[in-house]
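Here's the structure we're looking at; comments come further down.
Note on naming: letters A, B, ... go to the chains in the order of the sequence lines (proteins, then strands), and numbering restarts at 1 for each one. Heavy-atom basis, side chains included; hydrogens, waters and symmetry copies ignored.
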Amino acid sequence: MIKTPIQIFDTKLRSNQSICISNDKFLRVYGCGPTVYRDAHVGNMRTFLLADLIIRLSKYLGYQVKFIQNITDVGHMSEDFAEDKMLAQAKLEAKDPFEVAKAYEAKFHTDLARLNIKPADLYPKASESIDLMLQLISDLIENNHAYVGEDNCVYFAAQSFDTYGAISGNRLDSLKPGHRFEYTEDGAKHFHADWALWKAAAGRTQMIWPAPWGAGFPGWHIECSAMSLKFLDKYVDLHLGGIDLRFPHHENERAQSNSAIAGEAVALWVHGEHLLFEGRKMSKSTGNVVLVQDLIDKHLDPLALRVCFLENRYRSQMDLTWQSITTANQLLERWRSKVNGWKSTSTTDPQEIEGNLQAIVADFCNDLDTPRAMQKLRDIEKSNTISDATKYEIFSKADQLLGLDLLKAPAPKRAANAQQLELLDLRAKARGAGDYAESDRLRDLLKVEGIEVRDNSDGQSWSWLI
RNA sequence: GGUCGGAUGGCCGAGAGGCGAGGCUCGGGACUGCAAAUCCCGCUACACGGGUUCAAAUCCCGUUCCGACCUCCA
């Protein structure tokens with residue numbers, strides 16, 4: 001057991017815990033991935049960034065990591081059968097459900113790359129892990145944690161698992177149904193809190209598989225148990241996901257996994273808080289869903305999002321706004337421009353570099369206190385005592401953790417069109433001739449075009465307004 | 001009803017017993033033909049009521065308000 005210096009808040013124990021490498025070889029990380037029935041929005045990305053930050057930090061400290069993230073392409077059900085998300089979307093797009101899943105999965109990977117989120121070692125798909133799940137379900141029936149209902153569905157017996165509720169704090173007897181949902185007793189479950197491991201096909205014809213209990217498809221929670229136990233060799237050092245998954249998903253997953261191996265299957269449960277957009281929960285019905293592509297469409301660097309996320313602790317709910325994104329974009333541009341300017345000048349101060357990096361790493365190790373690390377970088381940026389070359393070294397090394405491409409040259413400017421160039425030229429001439437009334441008029445016209453003109457000692461320059 | 005979190009200046013947000021984080025906005029100044037950018041200066045806050053302490057935004061007790069989850073969700 002290797003105890004790393006990384007401390008992270010464990011939802012189950014409600015306190016910071018050290019991340020440990022239980023097999024002495026590599027950190028075993030499992031993260032709940034997307035259900036690929038729609039585009040992943042920026043809120044999803046925040047959760048995926050959480051895994052990236054921990055993995056970058058671990059690797060920076062010299063540890064090996066094995067990271068598994070599932071792709072849910074089947075079985076993520078609504079209560080209502082007819083509304084399986086995959087199938088509903090497939091119907092909407094008039095495509096084969098697997099085709100739909102494939103398309104959204106590809107987009108998911110694209111968005112991760114845009115945010116410099118490094119890929120997992122493996123992305124197992126639920127649809128390709130049916131055998132694993134069948135085996136696990138059989139094992140659970142075998143050791144009396146699950147039963148086949150009269151409806152040919154297989155249910156997990158919640159009461160067979162002693163510490164059910166340890167993650168969320170819910171107690172089985174308090175989980176009385178009926179507050180938010182009208183609970184209808186379907187008769188097949190022995191207990192209201194039991195959940196389906198295997199759903200009988202009933203009338204369904206797509207995305208179903210044969211099973212000992214009859215054709216059907218897996219429940220949502222079972223895939224994460226099956227995959228994490230299989231691909232991480234029956235023990236997870238760190239399990240990640242969004243806060244909403246704390247209950248019931250992770251509670252159920254824990255019950256399944258622990259029951260299967262007759263022990264604790266996950267050392268630490270870590271949850272990322274949700275994101276609001278302009279003060280409200282991001283949702284289709286509110287109409288405020290923001291995608292990574294939307295940033296690109298607005299000519300913003302997707303990494304500006306990363307800046308926003310880094311400036312807020314992963315464990316606090318944050319409100320994202322276009323204002324905060326554009327501000328972050330400006331910071332990114334400023335840093336890149338400065339970092340490039342700091343390069344290849346003066347001498348470095350190895351002690352200064354080491355001290356600052358250690359302090360930044362210490363912030364990361366302290367439950368990913370990225371806002372504090374960002375602040376340290378702002379201080380270093382402004383310091384009068386640290387040499388430029390030293391600043392360059394600090395920023396370039398810190399970027400291994402931040403993932404902001406700080407060494408990249410500032411974004412090349414989009415070219416203006418012929419008419420805009422003409423206006424710029426006219427303005428330069430008017431100003432050169434001392435015709436300020438005309439040059440100001442042209443500056444206003446250019447502003448309408450989204451161009452901001454600046455006058456410098458050596459003439460005019462311009463940039464796009466965001 | 002149960003569970004988990006919150007409440008800090010105009011706004012956003014750190015801090016977790018004693019030194020007013022920082023960012024954004026705004027106001028003043030330098031620079032500028034004017035702007036912009038940049039730099040300098042300014043803006044003294046911790047929901048409420050008790051308590052502990054030499055000292056409380058921070059700890060304790062109580063209250064109010066807000067959000068999330070409760071078998072959809074990152």
What nitrogen or oxygen pairs link the protein and nucleotides 58-61 of chain B at under 3.5 Å?
none

Dump the pairs, protein N or O against N or O of nucleotides 12-18 of chain B, anything under 3.5 Å, distances to one decimal.
residue, atom, partner, partner atom, Å
B/A14, OP1, A/S316, OG, 3.4

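Using N1 to N3 plus N6-O4 or O6-N4 for Watson-Crick, or N1-O2 and O6-N3 for G-U wobble, each under 3.5 Å, B/A14 pairs with nothing. The base-pairing partner of B/C19, taking Watson-Crick or G-U wobble contacts with both distances under 3.5 Å, does not exist among the strands shown. Across the strands present, B/A7 finds its partner in B/U64; the criterion is a Watson-Crick or G-U wobble pair with both atom distances under 3.5 angstrom. The pairing partner recorded for B/C59 is B/G51, the criterion being a Watson-Crick or G-U wobble arrangement whose two distances lie under 3.5 angstrom. Of all nucleotides present, only B/C70 satisfies the Watson-Crick or G-U wobble test against B/G1, with each distance under 3.5 Å.
Judged by distance alone, the side chains of A/E251 and A/S168 do bring a donor and an acceptor atom under 3.5 Å apart. The closest side-chain donor-acceptor pair between A/S324 and A/T327, if any, does not fall under 3.5 angstrom. Remark: the A/D367 side chain and the A/Y314 side chain contain an N/O donor-acceptor pair separated by less than 3.5 Å. A/E223 and A/T72 share a side-chain donor-acceptor pair at under 3.5 Å. In this structure, a donor-acceptor pair under 3.5 Å is absent between the side chains of A/Q256 and A/N252.
The NE2-C1' distance, from A/H271 to B/G6, rounds to 18 Å in whole Å. Rounded to whole Å, atom P of B/C70 lies 14 Å from atom NE2 of A/H249. Atom CG of A/N456 is separated from atom P of B/A37 by 12 Å (rounded to the nearest Å). Regarding A/F277, its CZ atom lies at a distance of 20 Å from the P atom of B/G67, rounded to whole Å. Between A/F247 atom CZ and B/A74 atom P there is a gap of 17 Å when expressed in whole angstrom units. We find that CG of A/L115 is positioned 14 Å from C1' of B/A74, with the value rounded to whole Å.
Within 4.0 Å of A/G43, counting heavy atoms only, lies at least one base atom of the nucleic acid. At a threshold of 4.0 angstrom between heavy atoms, the contacts of A/L275 include nucleobase atoms, whether or not backbone atoms are also involved.
Distance from the side chain of A/R454 is smallest for B/A36 among the nucleotides B/A36, B/C69, B/G5. Among the nucleotides B/A74, B/G2, B/A35, the one closest to the side chain of A/N170 is B/G2.
Within the 4.0 Å cut-off from OP1 or OP2 of B/A74, at least one side-chain nitrogen or oxygen of A/R38 is found. The shortest distance between the side-chain N/O atoms of A/N44 and the OP1/OP2 oxygens of B/A74 is below 4.0 Å.
Atom P of B/A57 sits at a distance of 11 Å from the matching atom of B/A45, rounded to the whole Å. The separation of B/C66 from B/U71, taken at their P atoms, amounts to 22 Å, rounded to a whole angstrom. One P atom belongs to B/A7, the other to B/C59, and the distance between them is 11 Å to the nearest Å. When the P atom is compared between B/C12 and B/C54, the two are found 37 Å apart, to the nearest whole Å. For the P atoms, the distance linking B/A21 with B/G15 amounts to 12 Å, nearest Å. Straight-line distance between the P atoms of B/A47 and B/A14: roughly 15 Å, to the nearest whole Å. Across B/U58 and B/G6, the matching P atoms stand 14 Å from one another, rounded to whole Å. Taking the P atoms as reference points, B/G17 lies 23 Å from B/C4, given to the whole Å.
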#### Entry: A/L368/A/L50 under side-chain contact (heavy atoms from CB on, under 4.5 Å): CA gap, chis, key distance, verdict
CA-CA 9 Å; A/L368 295 180; A/L50 172 58; 3.6 Å; yes
Can you list the steps and then say if A/Q460 with A/R427 is a side chain to side chain donor-acceptor pair (under 3.5 Å)?
CA-CA 9 Å; A/Q460 94 180 6; A/R427 193 209 171 250; 2.8 Å; yes
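Between A/Y164 and A/F161, the ring planes are perpendicular. Angles over 60° get that label, and only those under 30° would be called parallel.
Two residues, A/L245 and A/R315, neighbour RNA chain B, and the one matched to the more 5' nucleotide by heavy-atom proximity is A/R315. The residue among A/G33 and A/R246 whose nearest nucleotide of RNA chain B is located toward the 5' end is A/R246.
Taking 4.0 Å as the cut-off between side-chain N and carboxylate O, A/K102 and A/E105 do not count as a salt-bridged pair. Using a cutoff of 4.0 Å between basic side-chain nitrogens and carboxylate oxygens, A/D294 and A/K298 are not scored as salt-bridged.
Results of the salt bridge (charged side-chain N to carboxylate O under 4.0 Å, His left out) test with A/R306 over A/D399, A/D301, A/D52 single out A/D52 as the only residue that passes.
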